[in-house]
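Notes for the one structure printed next.
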Amino acid sequence: MIAIKTESKMNKVTIEEIKAKKGKGKITMLTCYDYSFAKALDESCVDIILVGDSLANVVLGLKETNKVSITEMLNHTKAVAKAITRSLVVADMPYISYQKNPKKCLYYAEKFIKAGADAVKIEWFDSCPEVIAKLIKNKIPVMAHVGLTPQTAHLLGGFKVQGKDKESAKRIIRQIKILCSLGVFAIVLECIPYQLSRYITQSIDVPTIGIGAGKFCTGQVLVLYDVLGLYKRITPKFVRAYADFSLQTKKAATKFMEDVKSGQFPAAQESFSINKKEWKKMFAELKQSKDKSKNKRLFA
Ligand code: KIV
C-alpha cells in the first residue's frame, strides 16, 4: 500500500526552499506536459515539475528534442501551470529559443515566465555562460543541465554516458564551476558515472538533480511517461517504471470497445432523458408541421 502524502498547508515551493534542501533532504522532480497529470503530481507533493522538452519524444513522437517549437513548449507550460498550487514549475527552454538564437534568450525566457513557469532550464552549450548570466541578471531563476545534454547529443557522440574518461570528467567539472559562479539554483546531471556526480554534489553548495547519475545527487528526476510505463520506444537503463499505463490503456480501450459492440455502453445511468410530457408535446407539434415539411421521412 502506498500512502499518498497530502499536505494540509499547500504552500508554493520556492527556489530558496529548493536551495535549502542541499544536505538536508532529497529533491524530487518529474516531468509533466499537461493539466490533468500536473494536477495529480501537484497533489502528490512532488517538489518540482519540469515541463521538459522530452515532450518532443513522449508527446509529439519526434526523435530529437531540439525539434520542439517555442509555441509548443509555451502551450504545454501554460497547461501545466494552470493546475499547480504547490510544486515549483520549471520550463525547459527549447533549443531554438536560446542555442540557435542566444541573443533572444531573455525575450523567450520572459515568455516562459509569463506562461506560468517559476524558472527555466538551460542545457550546457558553448554560449551557455553568456545566456545564463543574462537571464539571472534579469531575475530569471535558472536550473542548468550538464552531462548528456539531449539537445546537442549529436556533438557528444550520441546518447551516451558522459564523463567516463578523465578529459570528459574534467570538462564537466569545469562546466559545473562556471555554472555555480553564475548563480544557477540547481543543476541537472544526466548520464554521468555516480563517482563523478558524488564528487560534484559534495563539492558545491548548489543542489544537483540526477537522471542516470546515481544516488548521491541532492535529488532525482525522471520522465513521467517512463515512470508510468507509458512510453516504451526507448527504455534507458536508469528508468524505473512504477506502473504500466500502456497496458492499462490497452485494457481500458479493449473493454470500452467490447461494451460498445455488445450494447452495454452506455447504460441508462450514462444517458440523458426528456420528460414524457415534453416528448409527447414535441411529437404532436412535429406531426402538425408534417405536411409543411419537405423532409417527410423524419416526421412519418
Ligand atoms: O526534458 C526532459 O525531460 C529533461 C529531463 C530528462 C531532465 O530535461
Side-chain angles (χ1 to χ4, degrees), residues 18 26-34 37-38 41 46-70 72-77 79-80 87-99 109 112 117-125 128 132 142-153 156 158-162 172 175-176 179 184-192 197 200-201 206-214 217-241:
I18 295 297
K26 288 282 185 183
I27 297 167
T28 54
M29 175 159 103
L30 283 168
T31 68
C32 189
Y33 320 97
D34 75 337
F37 277 128
L41 293 186
V46 66
D47 295 317
I48 308 176
I49 291 182
L50 170 68
V51 188
D53 63 358
S54 48
L55 160 79
N57 312 123
V58 303
V59 176
L60 303 177
L62 302 172
K63 281 225 170 90
E64 286 124 6
T65 55
N66 56 20
K67 296 286 186 300
V68 70
S69 74
I70 299 168
E72 283 160 340
M73 286 302 294
L74 279 170
N75 284 343
H76 286 271
T77 302
V80 167
S87 307
L88 190 85
V89 178
V90 178
D92 238 342
M93 292 272 286
Y95 174 85
I96 194 162
S97 68
Y98 71 104
Q99 296 214 32
F112 280 97
D118 301 301
V120 297
K121 179 162 79 61
I122 297 285
E123 290 188 12
W124 182 272
F125 76 113
C128 162
I132 293 182
V142 177
M143 173 182 279
H145 184 155
V146 302
L148 174 57
T149 43
Q151 293 177 354
T152 46
L156 302 171
F159 286 82
K160 291 189 180 143
V161 180
Q162 302 295 306
I172 293 171
Q175 294 170 356
I176 295 284
L179 293 169
V184 299
F185 74 92
I187 305 175
V188 170
L189 304 177
E190 179 162 352
C191 278
I192 63 171
S197 71
I200 291 169
T201 304
V206 177
T208 58
I209 304 179
I211 176 160
C217 301
T218 323
Q220 296 291 329
V221 55
L222 281 176
V223 168
L224 180 65
Y225 284 27
D226 288 336
V227 169
L228 298 179
L230 190 54
Y231 182 76
K232 295 188 173 174
R233 205 194 221 172
I234 309 160
T235 316
K237 171 186 159 96
F238 57 76
V239 163
R240 188 179 293 178

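In listed order, ligands and their atoms are each counted from 1. When reading the values below, keep in mind they use all heavy atoms of this one structure, side chains included, and skip hydrogens, waters and symmetry mates.
Less than 4.0 angstrom separates some heavy atom of Gly52 from each of these atoms of ligand 1: 1 (O), 2 (C). Counting the atoms of ligand 1 from 1 in the order shown, those under 4.0 Å from a heavy atom of His145 are 8 (O). Against a heavy-atom cut-off of under 4.0 Å, Val223 is close to the following atoms of ligand 1: 3 (O).
With hydrogens and angles left out, the side-chain atoms of Ser54 and Tyr33 include a donor and acceptor closer than 3.5 Å.
Backbone and side-chain nitrogen or oxygen atoms of Asp92 are examined, and one is located within less than 3.5 angstrom of a nitrogen or oxygen of ligand 1. For ligand 1, the polar-atom distance check finds an N/O of Ser54 within less than 3.5 Å of one of the ligand's N/O atoms. Considering backbone and side-chain atoms together, Thr31 places no N or O closer than 3.5 Å to any N or O of ligand 1. The shortest N/O to N/O separation between Tyr33 and ligand 1 does not fall below 3.5 Å.
Nearest protein heavy-atom neighbour of atom 8 (O) of ligand 1: Lys121 NZ, 2.9 Å. Summary of contacts: the protein heavy atom closest to atom 6 (C) of ligand 1 is Ile211 CD1, 3.6 Å.
Here the side chains of Phe112 and Val51 are not in contact, with every heavy-atom distance at 4.5 Å or above. Inter-residue side-chain proximity for Asp226 and Thr31 is flagged as unmet; no heavy-atom pair is nearer than 4.5 Å. For the pair Leu222 and Leu30, the minimum side-chain heavy-atom distance is below 4.5 Å. No side-chain heavy atom of Pro150 sits less than 4.5 Å from a side-chain heavy atom of Asp53. The closest side-chain heavy-atom distance from Tyr95 to Thr65 is not below 4.5 Å.
Contact analysis puts Leu50 in contact with ligand 1, with a non-hydrogen atom separation below 4.0 angstrom. Using a 4.0 angstrom heavy-atom cutoff, Glu123 does not count as in contact with ligand 1. Not a single heavy atom of Met29 sits under 4.0 Å from any atom of ligand 1.
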**Request:** Show the numbers, then the answer: is there a ring pair (Phe, Tyr, Trp, His ring centres under 6.0 Å) between Phe125 and Tyr98?
**Result:** CA-CA 10 Å; Phe125 76 113; Tyr98 71 104; 5.4 Å; yes

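At a 4.0 Å heavy-atom cut-off, ligand 1 does not touch Leu55 at all.
With a 6.0 Å radius and a threshold of 12 heavy atoms from other residues, nucleotides or ligands, Ile96 has its CD1 atom at or below the threshold. Within a 6.0 Å sphere centred on CZ of Arg240, heavy atoms belonging to other residues, nucleotides or ligands number 12 at most.
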